[in-house]
Amino acid sequence: MNQTASMNRGIQLEDILIAYRELKEIVLHTPLQKNQRLSEKYECNVYLKREDLQHVRSFKLRGAYYKMKSLTGEETKNGVVCASAGNHAQGVAFSCSQLGIHGKIYMPATTPRQKVDQVQLFGRDNVEIILIGDTFDDAFAKAMECCEKEERSFIHPFDDEKVIAGQGTTAGLSSYFKSVSPKTKCIGVEPLGAASMKYSFDEGKVSELESIDTFVDGAAVKCVGQMTYQLCKENLEDIVVVPSGQICTTILDLYNQHAIVAEPAGAISVAALDLYKEQIKGKTVVCMVSGGNNDIGRMQEIKEKSLLYEGLLYYFIVNFPQRAGALREFLDEVLGPNDDISRFEYTKKNNKESGPALVGVELKDKNDYEGLILRMNKKGFSFVEVNKDSNLFHLLI
């Protein structure tokens, strides 16, 4: 069936059930767990579908394997190629190893090292990894060139009927619920910095964002697929857009309070609960923890983004008065009893005693901010608040 016909027909319940039968011996049956803490917090029954516990620590294995298993020997004789921000790549790599197919895998150069290493681990000698460009869309363009030049079969990460049916066995659920439980509302969630589906909805057609924030790498796509757009238009009740700082707070909460390691795209559905808390009271809610491929090296960045979002971290360029003991006065009389210095560096190496310094202050309570500003002004410390100057912030932080 060609893609145009598939779009007209849509993904049916039978397509997902067929995919389920093909996949049940390959993928893990991941748990659906009620989370008591979240249930009490939001006054409803919150369940987490733990696809972070899947073989490749994300649901992407389902679509990749089902698509590749459906290909003929003629279609795989030159191998396959894909583009991915990391999780689809792992699914393709795992499938290449299982099915004995060679794959070329294109990923952005910004892909976390942990994901790159995992792709190599799952694919071993069956895959070749090419890191190129800054975004998924850059990698996608190069993968398509390879597809044409080497006559490889392209394994699309989302805009393909077999891939969608495979994901439908646990993650691409809107078509399934439309058939078996039409009263169930499916809510889409996107990061604020890469809300390409929401943008397309607003434009009334598939539309490309000019630029994106790649922090939520598993969901950082400039342009959604035509098939996925059509399915979402038909089946989604709403799309929620979540700031990256809120996602970071959720990642830390999932780790500290629930012992769950979630990547940014995996935590985004749980982060959206805050924005839907009034609508979900007294109801049953399932959040898809879609992936757990988080690089531990990113945790400091995640913590910082969370603190900034929660109003607990501020950066200042402080011009210390040219008098003895000014720095000690700042520490003793400007900082509050619960404030901490998280960063301190002089901006002029040749004038450390009285030159300006970049100072990061971490608060225990966001309400302590006004007192900090008041004391700096009262004590005569000239300062610039870096948080309020986006150009200065991105230059220095």
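The basis for the numbers below is simple: all heavy atoms, side chains too, and nothing from hydrogens, waters or symmetry mates. What you are looking at is a predicted structure, and each value in this text was computed from that prediction instead of being measured.
Considering only residues two or more places apart in sequence or on other chains, F201 meets the ring pair (Phe, Tyr, Trp, His ring centres under 6.0 Å) condition with Y229. In terms of the salt bridge (charged side-chain N to carboxylate O under 4.0 Å, His left out) criterion, residue partners of E333 (sequence neighbours excluded) are, by chain and number, K379. Here F177 pairs with nothing under the ring pair (Phe, Tyr, Trp, His ring centres under 6.0 Å) rule; sequence neighbours left out. K281 pairs by the side chain to side chain contact (heavy atoms under 4.5 Å, CB included) definition with E43, E278, not counting sequence neighbours. For K142, the side chain to side chain contact (heavy atoms under 4.5 Å, CB included) partners at least two apart in sequence or on another chain are Y106, I132, E145. With sequence neighbours excluded, the residues satisfying ring pair (Phe, Tyr, Trp, His ring centres under 6.0 Å) with F330 are F320, F381. Here V242 pairs with V189, V240, Q246, I247, I268, A271, A272, L275 under the side chain to side chain contact (heavy atoms under 4.5 Å, CB included) rule; sequence neighbours left out. In this structure Y276 satisfies the ring pair (Phe, Tyr, Trp, His ring centres under 6.0 Å) test with no other residue, sequence neighbours excluded.
Clustering of Ile, Leu, Val, Met, Phe, Trp and Tyr side chains at separations under 4.5 Å leaves L121 isolated, with no partner residue. L32 belongs to a hydrophobic cluster whose remaining members, ordered by chain and number, are Y47, V286; membership requires side-chain heavy atoms of ILVMFWY residues under 4.5 Å apart, directly or through intermediates. Here M68 is tied into one hydrophobic group with I18, L23, I26, V27, V56, L61, Y65, Y66, L71, V80, V92, F94, L99, I101, I105, M107, V116, V119, F122, V127, I129, L131, I155, each link being a pair of ILVMFWY side chains closer than 4.5 Å.
The pair R113-D117 counts as a salt bridge, with a side-chain nitrogen and a carboxylate oxygen less than 4.0 angstrom apart. Contact check on D160 versus K162 returns no salt bridge, with no Lys/Arg side-chain nitrogen under 4.0 Å from an Asp/Glu carboxylate oxygen. No salt bridge links E203 with K205; every basic N to acidic carboxylate O contact stays at or beyond 4.0 Å.
Side chains of N294 and Y255: a donor-acceptor N/O pair is absent below 3.5 angstrom, by distance only. Judged purely by distance below 3.5 Å, without hydrogens or angles, the side chains of Q12 and S175 never pair a donor atom with an acceptor atom. Q90 and R57 form no side-chain donor-acceptor contact under 3.5 Å, judged by distance and modelled atom types alone. At a cut-off of 3.5 Å, with distance as the only test, no side-chain donor of S196 or K222 sits close to an acceptor on the other residue. Between the side chains of D365 and N367, at least one donor N or O sits under 3.5 Å from an acceptor N or O. In the model, N87 has a side-chain atom that pairs as donor or acceptor with a side-chain atom of N293 under 3.5 Å. Judged purely by distance below 3.5 Å, without hydrogens or angles, the side chains of N45 and K283 never pair a donor atom with an acceptor atom. With 3.5 Å as the limit, one finds no donor-acceptor pair spanning the side chains of S97 and R124. A side-chain N or O of N35 and one of H258 form a donor-acceptor pair less than 3.5 Å apart. A donor-acceptor contact closer than 3.5 angstrom is absent between the side chains of S153 and E75.
Contact record, T228 with F158: CG2-O, 3.5 Å, taken as the closest heavy-atom pair.
The aromatic rings of F140 and F136 lie tilted to each other, with the angle between the two planes from 30° to 60°.
For D125, the CG atom sits in a loose shell: 12 or fewer heavy atoms of surrounding residues, nucleotides or ligands are nearer than 6.0 Å.
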Using a 3.5 Å cut-off and no angle test, enumerate the donor-acceptor pairs between side-chain atoms of residues 208-220 and protein atoms at least two apart in sequence or in another chain.
residue: D213; atom: OD1; partner: F215; partner atom: N; Å: 3.0
residue: D217; atom: OD1; partner: R298; partner atom: NH1; Å: 3.0
residue: D217; atom: OD2; partner: K115; partner atom: NZ; Å: 2.5

